[in-house]
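Along the sequence shown, the residues carry numbers beginning at 1. Because the structure is a prediction, the values reported are computed rather than measured.
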Amino acid sequence: MNTEGRPLRADARRNRERILRAARDAFATEGIAIPLDEIARRAGVGPGTVHRHFPTKEALFEAVVREHLERLTHEARGALADTTAGPAFFAFLTKMTAEADAKQDLTEAITGAGGRMSAETEGLAADLRELFDALLTRAQAVGAVRKDVDAADVQAVVVGALVAGRRRGERDRPGRLADMVFDCLLPRGATPEEPG
């Protein structure tokens, strides 16, 4: 769809997908600081074509972040359907952190460095927060996560795990530091295998 809500022509739709694919890769490796002209070059289109689909770099950034939020929301719903509340919570948390670690754009969105988002994207983020709250509450109810933490605490832990992993440069053992950081969410005296 274009900005007026009409369906895009086939060639315009292909160009939009090429731009989004190039933007995903560019934002994932370099974050929002990458110039729009460089994204156009990587997509194999002119800067004007990018501007027709995304008037600003922030609009393009938001489109990429929105895709991540939609995918994470779908995965969070799947985790809520899982009958093992504790493992489902930690599996989702690990997946979310691993994806954020691989995607600078999502990391910037999590930490608030990506700028202001539209009401639609904010709505998606709010849905994801609600689902995450439900996952956390379920995990706490079965004793898999300590009861004195809330979703904001867990978000801070995720950001801490991301920063720790980047500072340590754990390319040979990805996720190791995140696992260590997540251990702080376990009830005192519990192990990751046997919560509570």
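In this structure, F27 CZ and L20 CG are separated by 9.5 Å, a value rounded to the nearest 0.5 Å. Rounding to the nearest 0.5 Å gives a distance of 11.5 Å between NE2 of H74 and CD of E70. Between the CD atom in E58 and the CD1 atom in I32 there is a gap of 5.0 Å [rounded to 0.5 Å]. Expressed to the nearest 0.5 Å, how far CG of D133 lies from CZ of R129 amounts to 9.0 Å. Atom CG of residue L131 and atom CZ of residue R77 lie 5.0 Å apart, to the nearest 0.5 angstrom. The structure places CG of L185 at 9.0 Å from CD of Q140, a figure rounded to the nearest 0.5 Å.
Here the closest heavy-atom approach between residue I19 and residue I39 is recorded as O-CG2, 4.2 Å. Here the closest non-hydrogen pair linking L186 and R146 is O-CD, 3.9 Å. Contact detail for V50 and V45: the closest heavy-atom pair is CG2-CG2, 3.8 Å. Scanning both residues, L136 and A151, for their nearest heavy atoms gives CD2-N, 3.5 Å.
Between E17 and R14 there is no salt bridge, since no side-chain N of the basic residue sits under 4.0 Å from a carboxylate O of the acidic one. Salt bridge E38/R42: present, at least one basic N to carboxylate O contact under 4.0 Å.
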- [ ] May I have the step-by-step check of side-chain contact (heavy atoms from CB on, under 4.5 Å) for T97 and F182, ending in yes or no?
- [x] CA-CA 10 Å; T97 305; F182 294 160; 3.2 Å; yes
Task: Residue pair K57, E30: steps toward the salt bridge (Lys or Arg N to Asp or Glu O under 4.0 Å) verdict - done: CA-CA 13 Å; K57 182 168 56 172; E30 292 148 75; over 6 Å; no
TODO: Begin with the C-alpha distance, continue with both residues' side-chain angles, and end with the deciding distance and a verdict on side-chain contact (heavy atoms from CB on, under 4.5 Å) for M96 and F132.
DONE: CA-CA 11 Å; M96 184 175 73; F132 188 78; 4.3 Å; yes
- [ ] Take F54 and R16 through the test side-chain contact (heavy atoms from CB on, under 4.5 Å) and record every step on the way to the result.
- [x] CA-CA 9 Å; F54 304 99; R16 179 178 164 75; 3.0 Å; yes
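Put simply, the side chain of D25 never gets that close to the backbone of A22: no donor and acceptor are under 3.5 Å apart. Side chain of R66 to main chain of T121: no donor-acceptor pair is present (N/O by atom type, distance under 3.5 Å, no hydrogens or angles).
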